[in-house]
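The analysis underlying the following values was restricted to heavy atoms, covering all of them including side chains, and did not include hydrogens, waters or symmetry mates. In what follows, every chain begins at residue 1, and chains take the letters A, B, ... in the order their sequences are listed.
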Amino acid sequence: MFDQNVHRVGFACKIQTSHDKADPKLNTKSTTISYLARQTQANAYGKLWDLLEHNMTTIQAQLVYLSKLPNNQRMFRLTSDVLPAYTHEDWMPFYFQADVVAYLEKHLSKIGEYARANDIRLSFHPGQYCVLASENPGVIENSITEFEYHADLIRYMGYGRTFQDFKCNVHVGGKLGPQGIVAALKRLSPEARNTLTIENAEFTWGIDASLELVEHCALVLDIHHHWIHSGEYIQPTDSRFKRVCDSWRGVRPVIHLSTSREDVIVDHDPSVRPDLAQLKAMGFTSAKLRAHSDYCWNQAVNNWALTFSTYADIMVEAKQKNLASKQLLEQNVQ
DNA sequence: GAGGGTCAAGTCCGT
DNA sequence: ACGGACTTGACCCTC
């Protein structure tokens, strides 16, 4: 378990060496279903083996990179692309061959041990196709498979043993809402139930919906989503945030931070927080304002976000990844 | 190596 | 109806 007394700022999925540049030695690779389908099975399996070896190597390298950062920067969201095509019915059998399972056990257990030994806080964020509260039963089935793929990785790494020793975050999604999440939870593995977090979204299920789940799972407050939803800069003293913290049952919570794109609200004063009503009156749509910035370019937003760090770790969701989260921290030092 | 077409899946917003 | 956005433009093919 990571050190709960460290106030972390983290980043997601990729490590950049400079603007728009991801070091291939530090990042995973993937393929497409379509490409695999065009190969002979032997060639496709060969491709999946190559990717498996590459991704185990680069994830280990990501952790080494993180271990060299100060403790308060050792928080990282692993990409969902670790095992390409794992949840596709044609390719799942690849991953259940004895030699592949042995390889995964060997390398992922080492990765988990390394993260724990080096005080690195890890998470996943299953993507847009994981909609546990869909009104479509088939989509729920696929979403459970998708979530359990992440749970398999979590188990291989030796997490999911205690409540929120690892975070696996999704949005409520779908039409069923929080009650759909409660129903899906009953069908998930123990590791999945221990790691599931639910995040408030911009347009549909916001904080109030999340809070219906406070007894069922940990809640992630996305402060940018809430701003898009309401125009409000919620404060850490807000009673709703206190309830979000309670949902973590003593584990240090995580919040998500992002900002509207700097090339959408061009020339916006970086020392002033964007005003939603004013921007909408100027013709900016919620959909445009929702998109994530490259960097933590707005110092006023940064300062507001950092007021949460007494209570929660901050996951920065910005296109330039570690370059953006570093910027947030360096501002804090000033 | 550069450039262009392709890519499993869900859901929503805006045009 | 369709493109864009979402935690992420990356990957593959052709020239």
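Of the side-chain N and O atoms in A:Ser34, one or more sit less than 4.0 angstrom from OP1 or OP2 of B:dC7. The phosphate of C:dT7 has neither OP1 nor OP2 within less than 4.0 Å of any side-chain N or O from A:Lys14. Residue A:Lys319 has a polar side-chain atom (N or O) positioned under 4.0 Å from OP1 or OP2 of C:dT8. Between A:Thr32 and the phosphate of C:dC12, there is no side-chain N or O to OP1/OP2 separation shorter than 4.0 Å. For A:His229, no side-chain nitrogen or oxygen approaches OP1 or OP2 of B:dC12 to under 4.0 Å. Phosphate proximity of C:dC6 to A:His171: absent, as no side-chain N or O sits under 4.0 Å from OP1 or OP2.
Taking the six-membered ring for Trp and thresholds of 30 and 60 degrees, A:Phe96 and A:Tyr86 have ring planes inclined between 30 and 60 degrees apart.
In this structure, NZ of A:Lys175 is placed 13 Å from P of B:dG10, rounded to the nearest angstrom. Distance A:Leu132 CG to B:dT11 P: 11 Å, rounded to the nearest Å. Rounding to whole angstrom units, NE2 of residue A:His125 and C1' of C:dT7 are separated by 5 Å.
Ring-centre distance between A:Trp248 and A:Phe163: not below the 6.0 Å cut-off.
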Counting Watson-Crick and G-U wobble pairs with both distances under 3.5 Å, what is the dot-bracket string for DNA chain C, 5' to 3', using [ ] for crossing pairs and | for pairs to another strand? ||||||..|||||||

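In terms of the salt bridge (Lys or Arg N to Asp or Glu O under 4.0 Å) criterion, residue partners of A:Asp294 (sequence neighbours excluded) are, by chain and number, A:Arg261. By the side chain to side chain contact (heavy atoms under 4.5 Å, CB included) test, A:His7 pairs with A:Arg252, sequence neighbours left out.
Backbone-only engagement by A:Thr285 is indicated by non-hydrogen atom pairs under 4.0 Å involving sugar-phosphate atoms exclusively.
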